[in-house]
> 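Below you'll find the structure I mean.
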Amino acid sequence: GSMKAVFFVIYMNGICATFNQDLGELDVLVENLSTGEYLEGTVDSAEGYVVLPLSGTAGVYNISFVTASGVEYTGEFEL
């Protein structure tokens, strides 16, 4: 999927994801590819933004949001 609908700001202890459109309820998965640590849950994009906590562990992270219809928005970042 395209990232135009979702914009991320990365902090050491969290990710702020802003939704430019209402994508409904989204399943979210944040995974540290270096350590295997992961966070998963459900967010409501109608709220406009969500803050996801991070442990701050160094590594390469993959983040994905999946809509109810199966559209996936993904990104990767490094701490």
> Quick one: does S34's side chain have a donor or acceptor within less than 3.5 Å of a partner on V60's backbone?
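Checked: pair present.
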> Are V66 and V43 co-members of a hydrophobic cluster defined by side-chain heavy atoms under 4.5 Å apart?
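No, it is not one cluster - the side chains of V43 and V66 are not joined through contacts under 4.5 Å.
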> Answer yes if Y38 and I15 sit in the same cluster of Ile, Leu, Val, Met, Phe, Trp and Tyr residues linked by side chain heavy atoms under 4.5 Å apart, and no otherwise.
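No, no single cluster joins them.
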> Kindly write out the residues that satisfy ring-ring contact (aromatic ring centres under 6.0 Å, His included) with F77, not counting sequence neighbours, or none if the list is empty.
Y61
> Do you know which two heavy atoms are closest between Q21 and S45, and how far apart they sit?
O-OG, 4.2 Å
> Side-chain heavy atoms under 4.5 angstrom apart, residues restricted to Ile, Leu, Val, Met, Phe, Trp, Tyr: same cluster for L29 and L26?
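L29 does not cluster with L26.
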> Roughly how far apart are L79 CG and L54 CG, rounded to 0.5 Å?
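Answer rounded to 0.5 Å: 6.0 Å.
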> Which pair of non-hydrogen atoms, one from V6 and one from A17, has the smallest distance, and what is that distance?
CG1-CB, 4.3 Å
> To the nearest 0.5 Å, how far apart are CG in N32 and CD in E78?
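Answer for the CG-CD pair, N32 versus E78, is 10.0 Å.
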> Using the rule ring pair (Phe, Tyr, Trp, His ring centres under 6.0 Å), only one of Y49, F7, F65, Y73 pairs with F19; which is it?
F65
> Quick one: CG on D44 to CG on L23, what's the gap to the nearest 0.5 Å?
10.0 Å
> Identify whether M12 and I63 are in the same connected component of the hydrophobic contact network (ILVMFWY, side-chain heavy atoms under 4.5 Å).
yes
> When you group the ILVMFWY residues by side-chain heavy-atom contacts below 4.5 Å and let the links chain together, are L52 and I10 in the same group?
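Same cluster.
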